[in-house]
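Numbers here are sequence positions counted from 1.
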Amino acid sequence: MKRNPWIEAMRPHTLPVSTAGVVVAAGMAYLHGVFQWLPVIICFVFASLAQIVSNFANEYFDFVKGSDKKGREGFRRGVTEGDISPKSMLRATLFTLLAAGAVGCCLIPFSGWKLIPVGIIIAVFALAYSAGPLPLSRIGLGDIAVLVFFGLVPVCLTYYVQANTIPRDVVLMSLAVGLMGVNVLIVNNYRDVVDDRQAGKRTTVVLFGRRSAAVAYLLFGIAGIALSSSVWLLSTWMIIAPIIYFLLHSFTWWKIIHSEGAALNPLLGATARNMLVFSLLLVAEIIAFRMADEPTVTKLSDTIEIVETEISIADDSDLPYWENGILEMPQPIARPQYTHHSRINIPPFSLKRLSKSHLSNKISIVSRFVVVASHSNDCNNCDGKIRSAAYALHILRRLII
């Protein structure tokens, strides 16, 4: 049965490459206690549209430059086969680009106008992959573009619009996702190496050969597992996700090195599927891990209540306090002594949230100190307890920065 040429042009089998990064970022935000469902949904739609823009542009510009030909071994191209006119594809590309831009603007209320230049860069590179005087896909830079714009950008950007910060473990996870995404491009170029060489496209497979590409495919998957270890090493049972991915990845790699031509098409989809499976499994494990830890954290939070009090500080340092689950830092008052009226709000699992967010023994130690301070023999009244807790949070802030 012949599929709709527009659906084929969208290349649904490649969409997991862009959306897996959003899924992973959502999981990392949940692990760190900063998850927000609305910006995640917006990022998911934006990533999907940006991927479709890139696919439409690739089909149009490859046709214009003569890189595609009828009867190619890869997936059917509607423009090349005459199912879609070049003008219609160009219009669809620009319309989808505008739609992606409109969706991206919905993220401004979460992280400000600084997202505008980021959106412009994403739009430019979505087109620059196939368009312009030096298309990235034709000069051996396609793999780097995928690593950045299907790994670093979707993961870090999705996390940033939720937390307005990007921790080190999120960056490492974005590199893991990016390398898995590069593998999808490797399969595509591995299949098309003969056609690409004839068309003058200098992909990495054309430059270094199929054998090197096959080795890179295997190693990138393993490197992705290693870079994501900050998550799956949180608990012994969480190693299930990397094991399943490694088995799927190895099996797909074995089939790739023993396949040719059109037989590689399903393996391109399988590579994208492996990437999505790993992302979903990792997020499922994060949710299970947090849910399993919740009772312990609730007990910790029982020792500290929401209190308002007058606290005297004997230096000019700023006093940290909680507001809506975020550790806020007031502007310091430049005088030796002052009275600060603060609401110290430590909701359930905020202490655990900090220790997981920074993955640091220092943070865990100070979190325990907050609890110990509230039971200290020196704290005979509520003011004493709060002063000790506030001082512990002050130390916590110093350790973080």
Side-chain angles (χ1 to χ4, degrees), residues 8 11-18 20 51 54-55 58-59 61-63 65-77 80 128-130 134-151 175-227 245-278:
E8 288 184 327
R11 304 177 197 173
H13 56 277
T14 66
L15 292 182
V17 181
S18 56
Q51 172 75 67
S54 182
N55 291 341
N58 180 249
E59 180 147 340
F61 288 105
D62 276 4
F63 170 79
K65 295 176 184 296
S67 302
D68 286 341
K69 60 183 181 181
K70 289 187 178 183
R72 65 192 297 274
E73 291 181 330
F75 292 96
R76 180 184 175 86
R77 298 290 176 90
T80 304
Y129 181 80
S130 305
L134 289 174
L136 300 178
S137 62
R138 297 179 69 89
I139 58 174
L141 295 178
D143 305 75
I144 296 176
V146 170
L147 176 65
V148 173
F149 291 97
F150 293 94
L175 291 173
V177 172
L179 288 174
M180 293 176 184
V182 170
N183 275 344
V184 177
L185 182 62
I186 287 178
V187 180
N188 182 79
N189 295 338
Y190 187 93
R191 178 200 62 207
D192 295 340
V193 62
V194 176
D195 291 341
D196 288 344
R197 189 177 288 116
Q198 292 174 353
K201 289 181 71 173
R202 302 174 63 203
T203 65
T204 51
V205 184
V206 170
L207 293 172
F208 301 108
R210 277 189 164 187
R211 179 173 295 183
S212 298
V215 172
Y217 180 95
L218 181 63
L219 293 180
F220 285 171
I222 296 171
I225 293 173
L227 287 167
Y245 173 77
F246 178 74
L247 293 175
L248 290 172
H249 176 68
S250 303
F251 178 71
T252 307
W253 170 78
W254 181 257
K255 294 191 74 174
I256 287 171
I257 62 176
H258 290 89
S259 301
E260 293 285 341
L264 288 162
N265 287 340
L267 300 178
L268 189 150
T271 302
R273 175 211 62 200
N274 297 346
M275 181 179 178
L276 185 61
V277 166
F278 179 71

Problem - From CE (Met275) to CG (Leu179), nearest 0.5 Å - result: 9.5 Å
Exercise for the section: Indicate yes or no: at least one non-hydrogen side-chain atom of Ile186 is less than 4.5 angstrom from one of Asp143. Expected result: yes
Completion exercise
Gly224 and Ala176 have their tightest heavy-atom pair at O-CB, 3.2 Å
Problem - Atom pair OG1 (Thr271) and CE (Met180), whose distance is rounded to the nearest 0.5 Å - result: 11.5 Å
Exercise for the section: Check the side chains of Asn55 and Glu59 for a donor-acceptor pair under 3.5 angstrom, ignoring hydrogens and angles. Expected result: no
Problem - Heavy-atom pair of closest approach, residues Pro266 and Ala263 - result: CD-O, 3.3 Å
Problem - Distance-minimising heavy-atom pair for Tyr190 and Ala214 - result: CE1-CB, 4.5 Å
Exercise for the section: Could you name each residue pair satisfying side chain to side chain donor-acceptor pair (under 3.5 Å) that touches residues 247-257, not counting sequence neighbours? Expected result: Thr252-Asn274
Problem - More than 12 heavy atoms of other groups within 6.0 Å of Arg273 CZ - result: yes
Practice task
State which residues pass ring pair (Phe, Tyr, Trp, His ring centres under 6.0 Å) with Phe278; sequence neighbours excluded, sorted by chain then number.
Solution key: Tyr245
Practice task
Answer whether the closest heavy-atom distance between the side chains of Gln198 and Asp195 falls below 4.5 Å.
Solution key: yes
Handout entry: Shortest non-hydrogen separation from Arg191 to Asn265 and the atoms involved
Key = NH1-OD1, 2.8 Å
Exercise for the section: Nearest 0.5 Å please: distance from the CG atom of Leu185 over to the OG1 atom of Thr204. Expected result: 6.5 Å
Exercise for the section: Give, for atom CZ of Arg11 and atom CG of Leu268, the distance between the pair rounded to the nearest 0.5 Å. Expected result: 9.5 Å
Practice task
Measure the shortest side-chain to side-chain distance between Lys201 and Val206 over non-hydrogen atoms and say whether it is less than 4.5 angstrom.
Solution key: no
Exercise for the section: With the side chain counted from C-beta on, respond yes when Val193 and Arg197 share a heavy-atom pair under 4.5 Å apart, and no when they do not. Expected result: yes
Exercise for the section: Would you mind reporting whether Asp196 and Val205 have side-chain heavy atoms less than 4.5 Å apart? Expected result: no
Problem - For Arg210, salt bridge (Lys or Arg N to Asp or Glu O under 4.0 Å) partners two or more places apart - result: Glu260
Practice task
Measure the shortest side-chain to side-chain distance between Val187 and Asn183 over non-hydrogen atoms and say whether it is less than 4.5 angstrom.
Solution key: no
Fill in the blank from the handout: CD1 of Ile256 to CZ of Phe251, rounded to nearest 0.5 Å, is 11.0 Å
Exercise for the section: For Val146 and Gly178, work out which heavy atoms get closest and say how close. Expected result: CG1-O, 4.4 Å
Exercise for the section: Without swapping roles, check the side chain of Ser18 against the backbone of Leu15 for a donor-acceptor pair under 3.5 Å. Expected result: yes
Handout entry: Test item: Phe150 and Val184 side chains (from C-beta on) under 4.5 Å apart, heavy atoms
Key = no
Handout entry: Nearest-0.5 Å distance that lies between atom CZ in Phe208 and atom OG1 in Thr203
Key = 10.0 Å
Problem - Distance-minimising heavy-atom pair for Pro16 and Ala272 - result: CB-O, 3.7 Å
